[in-house]
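Below: one structure, written as structure tokens.
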Amino acid sequence: MHHLKTTLLVCYLIAGLAFTGFAQSDLKLWYQQPAKVWTEALPLGNGRLGAMVFGRPQEELIQLNEQSLWSGGPANLNPNPEAPKYLPQIREALFAEDYKKAEDLCRKLQGLYTESYLPLGDLLLKQSFSGEPTNYYRDLNISNATSLTRFTVGGVEYSREVLASAPDQVIVVKLKASKKGQLSFDALAQSKLRYKLASAGSNELVMNGEASSHADPNYVTYNPKPVLYDSTDVCRGMRYELRVKAKNKGGQVTADAQGLHVRNATEVVLYLSAATSFNGYDKCPDKEGKDQTKLASDYLAQAFGKSFEAIKKSHVKDYQRYFNRVSLSLNGNPAVNQPTLERLKRYADGGDDPALEAMYFQFGRYLLISSSRPGGLPANLQGIWNDKVRPPWSSNFTTNINTQMNYWPAEMVNLSELHQPLLEFVKTTAATGKETARNFYNARGWALHHNADIWATTNPVGDLGKGSPSWANWSLGSPWLSQHLYEHYRFTGDLGYLRDTAYPLMKGAAEFCLDWLVEDGKGHLVTAPSSSPENVFITEKGEKGSISVASTMDMSIIWDLFTNMIEASEKLGTDADFRQLIVEKRRQLFPMQIGKRGDLQEWYKDWNAEDPQHRHVSHLFGLHPGRQISPLTTPDLAAAARRTLELRGDAGTGWSIAWKINFWARLHDGDHAYKLLRNLLHLTGVEGTAYNKGGGTYPNLFCAHPPFQIDGNFGGTAGIGEMLLQSQEDDVIQLLPALPAAWKEGKVTGLRARGGFEIDLTWQSNKLQTVAIRSLTGTACKVRYGNEVIDLQFKPGQVRKLNGSLK
Ligand code: FUC
């Protein structure tokens with residue numbers, strides 16, 4: 001009896017802890033060797049500053065980034081004044097079915113490439129030892145966002161702890177020797193950009209530098225000088241500064257232009273501060289730039305007065321405010337006492353490791369907290385982590401899937417505030433995109449194409465005709481990004497945000513779409529030119545091309561925006577006339593087609609694809625991230641989507657695999673989603689750019705496109721979320737809609753659902769056991785588990801608890 005009471009009490013306590021989160025075991029990536037390559041180093045970040053920690057004993061490398069450090073200057077918003085005259089010619093060619101001519105003409109509709117995200121520099125810590133290090137260990141603890149390296153030499157244990165603090169805006173490195181006076185090293189700094197080093201006082205090193213005035217994308221090979229400095233245009237090439245200051249216990253520190261020199265100390269804390277002169281997308285980063293020296297010095301002065309412990313304390317508190325909102329346990333997260341690399345290898349060999357899967361889910365949350373903070377920029381193709389002057393695809397914002405995928409998990413995994421950098425960025429691109437819509441197409445509203453950058457470039461890229469229209473001329477970035485605005489409203493129920501911020505921007509995108517749509521002469525509205533990124537069709541005459549009319553993706557994205565517009569204006573009780581117009585136009589959109597293979601047709605006509613297994617699965621936009629296709633409400637289209645996925649196959653680049661997890665989850669096929677999750681977590685060693693092999697995971701859990709691209713991490717986290725909870729369909733919360741057989745029991749706390757709900761679930765023997773739903777806004781909802789559906793009413797803040805029969 002006594003025993004039972006204790007058990008009940010414990011259960012009660014655990015239940016009481018729901019919604020506040022609880023400590024989760026197994027949230028460490030750890031290794032027994034230092035990183036040999038960048039994709040083995042461990043990422044830290046405070047949204048703005050990023051660090052990749054290699055953990056090398058003799059020559060530690062901490063590679064550094066600052067989020068606003070990009071090449072170039074404000075975008076030329078009218079780089080191709082001749083553009084508008086080609087649009088009618090392109091349409092004429094398309095309706096004459098001369099796809100080749102249309103594609104050639106599309107090249108006349110191109111502008112300039114975006115600029116590139118740049119690396120800040122490296123901090124090197126050179127320490128010479130008499131013997132070989134033993135007892136080597138390094139980790140990244142994602143439950144408190146700190147990294148530790150530890151080893152022993154000559155009876156002395158050395159440790160190095162690193163963190164990137166958002167409250168204090170510095171990176172701090174604490175180096176410690178277990179014996180007094182045994183810590184001697186040189187701290188040096190270098191950069192791949194232009195820079196100068198100088199000392200300040202006796203313990204501070206200052207790196208002052210200049211970013212390139214232009215950097216060609218890495219795939220552009222025709223310019224003799226792909227990276228430029230000394231532009232004659234005084235508006236390009238921002239300044240940056242890195243400051244490193246040491247505080248020592250014992251021994252001495254000296255500084256000169258070579259670096260900081262620490263001798264015979266016992267403990268040293270290095271405070272790293274950095275800033276750039278970036279002052280907004282439309283400001284010259286030099287003459288109108290911010291004072292980067294003052295910024296970096298002020299952050300440093302503030303932080304230097306605090307101990308490492310004090311900085312760590314507020315860092316952990318700040319980080320866990322986000323991180324602890326969600327916990328996930330799969331099959332009890334069985335502990336595996338093995339280094340992460342061994343676990344990845346075992347997993348790739350077919351071993352089970354549910355705790356690794358749960359950690360991967362949380363790692364995506366970790367990366368978002370570390371790379372996307374309110375007031376900053378959105379996470380780019382590599383979040384904030386990049387060590388290359390010409391990074392893959394410029395490490396920019398690629399908006400035909402990648403940038404959006406970065407933010408798929410944000411609301412669902414209870415990190416709504418961290419969606420803000422993207423939502424703010426949409427405002428910026430709407431401003432430049434208005435010019436682009438007018439200058440390129442004589443259209444209203446705002447347009448955004450395949451790529452954007454810190455300068456809010458929105459034009460079709462391609463360097464005035466040198467890019468392939470299969471990607472460069474894709475034009476529906478504004479309606480797709482508008483989905484994020486509306487989703488933010490759907491998850492939060494924030495009507496003020498919908499009215500004042502989201503709706504006007506969505507309307508601008510809708511106005512562009514209204515001008516972009518044309519009649520096909522057969523009673524439908526179509527887009528022309530149109531592509532299905534970045535696939536190539538083969539016409540019935542055997543001609544290959546990528547530009548046609550009304551790709552399924554185009555029509556689905558526009559359907560999505562129009563549907564959101566109709567809903568939004570109803571909720572707001574405004575704009576009835578415009579709503580009526582949108583209702584009418586939506587009705588005329590060229591509809592989805594089921595093709596001869598039983599699949600969802602990718603193009604206007606039932607053409608074959610040059611690459612039937614192409615990584616982009618753009619035509620399933622309506623299944624995910626859209627909500628036009630559902631096994632519950634459009635079973636025929638859902639079956640066609642399933643067929644499409646079967647034909648596309650289970651391989652792909654990292655983000656492609658991640659997208660497929662989301663698709664299969666939306667089709668309620670948990671086992672297939674799980675199969676893809678295993679593919680995504682598959683350890684790969686492929687480093688260079690590959691489109692057909694090597695997609696998976698690197699030793700540091702970064703996603704491999706390959707190369708590293710962070711969207712797959714975020715898409716993977718979103719996919720796991722979609723397996724456990726969905727809410728895209730009108731006011732219906734679906735519990736465990738795609739639970740795989742492999743996850744027999746589990747518990748998730750703190751997931752968010754549209755309508756403003758926070759949800760905890762437990763399951764056993766693959767069956768739902770308990771549900772706790774808290775309404776943030778006091779709206780009603782429907783809850784579905786399997787075929788069971790119930791209605792629930794709420795008061796704001798009210799929690800309702802149900803069992804597995806929804807009772
Ligand atoms: C698109 C994709 C590539 C890559 C790049 C950043 O062009 O097709 O696979 O993800 O963006």
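Indexing begins at 1, ligand by ligand and atom by atom, following the structure's order. These numbers come from the heavy atoms of this one structure, side chains and all, not from hydrogens, waters or symmetry mates.
Residue Thr398 has no N or O atom closer than 3.5 Å to an N or O atom of ligand 1. In terms of N/O distances under 3.5 Å, ligand 1 is approached by Arg615. Remark: ligand 1 and Asn400 share no N or O pair separated by less than 3.5 Å (distance only, no angle test). Residue Asn402 has at least one N or O atom closer than 3.5 Å to an N or O atom of ligand 1. Geometrically, ligand 1 and Glu534 share a nitrogen or oxygen pair separated by less than 3.5 Å. At least one N/O-N/O distance between Trp655 and ligand 1 falls below 3.5 Å.
Counting heavy atoms from C-beta outward, Pro533 and Ile401 have side chains that stay 4.5 Å or more apart. Here the side chains of Val413 and Arg365 are in contact, with some heavy-atom distance below 4.5 Å.
The heavy atom nearest to atom 4 (C) of ligand 1, out of those in His705, His614, His616, Met405, is found in His705. Distances from atom 5 (C) of ligand 1 to the heavy atoms of Trp474, Trp471, Phe397, Trp393 put Trp393 nearest.
Taking a cutoff of 4.0 Å between a charged side-chain nitrogen and a carboxylate oxygen, Asp669 and Arg642 qualify as a salt bridge. We find that Arg597 and Glu646 are not joined by a salt bridge, their nearest charged nitrogen and carboxylate oxygen being 4.0 Å or further apart. Between Asp650 and Lys675 there is a salt bridge, since at least one side-chain N of the basic residue sits less than 4.0 Å from a carboxylate O of the acidic one. Contact check on Lys100 versus Glu103 returns no salt bridge, with no Lys/Arg side-chain nitrogen under 4.0 Å from an Asp/Glu carboxylate oxygen.
A donor-acceptor pair under 3.5 Å is formed between the side chain of Glu40 and the backbone N or O of Lys36.
When each atom of ligand 1 is checked for a heavy atom of Leu381 under 4.0 Å away, the hits are 6 (C). Heavy-atom proximity to His450, at under 4.0 Å, picks out these atoms of ligand 1: 7 (O).
Under 4.0 angstrom from ligand 1, the non-hydrogen atoms of Tyr691 all belong to its side chain. Contacts between Ile401 and ligand 1, counted as non-hydrogen atom pairs separated by less than 4.0 Å, are absent for every part of the residue.
The line from CG of Leu77 to NZ of Lys434 is 13.0 Å long, rounded to the nearest 0.5 Å.
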